[in-house]
Amino acid sequence: MSIKLNKEDFDHEKCGAHHMAIRDTMDILNGKWKIRIIGMLSFGSRRFMELKSGIEGIAAKMLSKELRDLEVNGLVTRTVLNTKPITVEYELSRYGYSLKPVIDGIAAWGIEHRKTIINMTKGRVSEHNKC
């Protein structure tokens with residue numbers, strides 16, 4: 001489905017505000033790890049090592065940095081538990097949970113995209129097998 005807009009319908013002010021809002025969001029969620037961390041925490045609190053083992057490929061130093069960034073931006077809370085040895089638990093803040101619909105939307109799109117690519121690949125494979 002295609003939507004056609006006339007040039008005179010284009011609102012430069014709204015477009016600029018929209019673009020700035022996207023830039024602000026991307027600045028907060030930049031990199032390949034933050035969205036995955038938020039996605040994992042959207043299912044509940046996790047200890048550092050649970051996050052590390054659940055996010056394939058992330059180094060401990062990078063996870064620590066990303067968690068600090070998310071905490072500074074008010075998206076994640078860090079709780080030091082009174083255990084021996086001391087353990088630290090991370091969870092989404094109330095503000096962090098406001099990203100859940102965005103993260104769920106990204107995940108839903110990713111599921112559909114994967115299906116689309118697999119179906120496209122199957123179509124190419126079957127075309128090559130024609131005699």
*Asks:* I'd like to know if Val80 and Tyr90 are part of one continuous hydrophobic network [Ile/Leu/Val/Met/Phe/Trp/Tyr, side-chain heavy atoms within less than 4.5 Å].
*Replies:*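 Looking at the clustering, Val80 is in the same group as Tyr90.
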*Asks:* If you look only at distance, which donor and acceptor atoms sit under 3.5 Å apart when one is on a side chain in residues 41-50 and the other is two or more places apart or in another chain?
*Replies:*
{"from": "Ser42", "atom 1": "OG", "to": "Gly39", "atom 2": "O", "distance (Å)": "2.7"}
{"from": "Arg46", "atom 1": "NH1", "to": "Gly44", "atom 2": "O", "distance (Å)": "3.4"}
{"from": "Glu50", "atom 1": "OE1", "to": "Arg47", "atom 2": "N", "distance (Å)": "2.7"}

*Asks:* Donor-acceptor pairs are to be reported for all side-chain atoms of residues 62-70 against protein atoms at under 3.5 Å, with residues two or more places apart or in another chain.
*Replies:*
{"from": "Ser64", "atom 1": "OG", "to": "Arg68", "atom 2": "NH1", "distance (Å)": "3.0"}
{"from": "Lys65", "atom 1": "NZ", "to": "Asp69", "atom 2": "OD2", "distance (Å)": "2.8"}
{"from": "Glu66", "atom 1": "OE1", "to": "Lys34", "atom 2": "NZ", "distance (Å)": "3.3"}
{"from": "Asp69", "atom 1": "OD2", "to": "Lys34", "atom 2": "NZ", "distance (Å)": "3.3"}

*Asks:* Does the pair Leu81 and Thr79 meet the rule for a side chain to side chain contact (heavy atoms under 4.5 Å, CB included), with working shown?
*Replies:* CA-CA 6 Å; Leu81 303 172; Thr79 304; 4.1 Å; yes
*Asks:* Decide if atom CD1 of Ile22 counts as having more than 12 heavy atoms of other residues, nucleotides or ligands within a radius under 6.0 Å.
*Replies:* yes
*Asks:* Starting at CG of Leu51, measure out to CD of Glu89 and round the result to the nearest 0.5 Å.
*Replies:* 10.0 Å
*Asks:* I'd like a table of donor-acceptor pairs (distance under 3.5 Å, sequence neighbours excluded) in which one partner is a side-chain atom from residues 94-112, with atom names and distances.
*Replies:*
{"from": "Ser98", "atom 1": "OG", "to": "Tyr95", "atom 2": "O", "distance (Å)": "2.4"}
{"from": "Lys100", "atom 1": "NZ", "to": "Asp104", "atom 2": "OD1", "distance (Å)": "3.3"}
{"from": "Lys100", "atom 1": "NZ", "to": "Asp104", "atom 2": "OD2", "distance (Å)": "3.1"}
{"from": "Glu112", "atom 1": "OE2", "to": "Lys115", "atom 2": "NZ", "distance (Å)": "3.4"}

*Asks:* Who are the side chain to side chain contact (heavy atoms under 4.5 Å, CB included) partners of Arg36, not counting sequence neighbours?
*Replies:*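 Result, side chain to side chain contact (heavy atoms under 4.5 Å, CB included) vs Arg36: Trp33, Ile55, Glu56.
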*Asks:* Would you compute the distance between atom NE2 of His113 and atom CE of Met120 and round it to the nearest 0.5 angstrom?
*Replies:* 8.5 Å
*Asks:* What pair of heavy atoms forms the shortest contact from Ser93 to Gly74, and how long is it?
*Replies:* OG-O, 2.5 Å
*Asks:* If a pair satisfies salt bridge (Lys or Arg N to Asp or Glu O under 4.0 Å) and one of its residues is in residues 20-30, list it, with sequence neighbours excluded.
*Replies:* none
*Asks:* Could you tell me which residues satisfy side chain to side chain donor-acceptor pair (under 3.5 Å) with Thr87, sequence neighbours excluded, listed by chain and number?
*Replies:*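 Result, side chain to side chain donor-acceptor pair (under 3.5 Å) vs Thr87: Thr83.
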